[in-house]
Amino acid sequence: MRRGDRWIAWLLVVTGLLLPACRSVAEEEEEPAGAATIEPIEGTDQVRVVLTADAVERVDVRTATVRAAPVDGGGASSETVIPYASIFYTATGETWTYTSPEPLTYVREPVVIDHIAGNRVFLTDGPATGTEVVTQGAAELYGSETGVEE
């Protein structure tokens, strides 16, 4: 066997031994099966996205509380206010926010925006005061919900 042929044979053997190791490392880095579960909400066309605690940490999902702000001019009436970061626009221009009705659970809810002032969004329709809304991680939740990941 010529010297060049030996090097090629040696290279093929080493490559054959290393490739399975590379695959197992890549598999460990992939999203674990079952990180997000999609559950239909009975009586609606909506779903809830349930994440594992590890997935919430990995995505770094953050929330804020929907609050009421008094209407200019005083009086007893108030407006529903959420952070601008909690607004999610779909490709068709619909406005949504993800609520978190319980830990690790997220539901996309439509919102109707009255106006935006700085980083505050005033709603005419949307989640009730006191509801937790997602301010970071909505795109990942939407991807899990619609089956579009990475």
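The first residue in the sequence is number 1, and the count goes up from there.
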To the nearest 0.5 angstrom, please state how far the CG atom of L141 sits from the OG atom of S100.
9.0 Å
Can V66 be reached from V134 by stepping across I, L, V, M, F, W or Y side chains whose heavy atoms are under 4.5 Å apart?
no
Quick one: are P127 and V133 in side-chain contact, heavy atoms under 4.5 Å?
yes
ILVMFWY cluster, F122 and I87 together (side-chain gap under 4.5 Å)
no
Pair listing, ring pair (Phe, Tyr, Trp, His ring centres under 6.0 Å) test, anchored in residues 83-109, at least two apart
F88-Y142
Going through the checks in order, is the side-chain hydrogen bond (donor to acceptor under 3.5 Å, both in side chains) test met by T65 and E132?
CA-CA 5 Å; T65 305; E132 290 294 310; 2.5 Å; yes
Nearest heavy atoms of A68 and S78, plus distance in Å
CB-OG, 3.7 Å
Starting at CD of Q136, measure out to CD of E140 and round the result to the nearest 0.5 Å.
8.0 Å
Shortest non-hydrogen contact between R108 and T90, atoms and distance
NH1-CG2, 4.3 Å
Judged by atom type as modelled, is there a donor-acceptor pair below 3.5 Å linking the side chain of T135 to the main-chain atoms of R62?
yes
Taken to the nearest 0.5 Å, the spacing of R67 CZ from T129 OG1 works out to 10.0 Å
Would you mind reporting whether V121 and S86 have side-chain heavy atoms less than 4.5 Å apart?
no
Joint cluster assignment, V56 & V47, ILVMFWY side-chain distance < 4.5 Å:
yes
Salt bridge check, D60 against R58: does any charged N sit closer than 4.0 Å to a carboxylate O?
no
Would L123 and V112 count as a side-chain contact (heavy atoms from CB on, under 4.5 Å) here? Give the steps.
CA-CA 6 Å; L123 303 177; V112 178; over 6 Å; no
Can you tell me how far CD1 of I82 sits from CD1 of I113, rounded to the nearest 0.5 angstrom?
7.0 Å
Evaluate I38 against V49 for side-chain contact (heavy atoms from CB on, under 4.5 Å), listing each step before the verdict.
CA-CA 5 Å; I38 308 304; V49 179; 3.8 Å; yes
Separation between CG (L104) and OG1 (T37), nearest 0.5 Å, reads 10.5 Å
Between A36 and L51 the two heavy atoms that sit nearest each other are CB-CD2, 3.5 Å
Got a second to check how far R120's CZ is from H115's NE2, nearest 0.5 Å?
7.5 Å
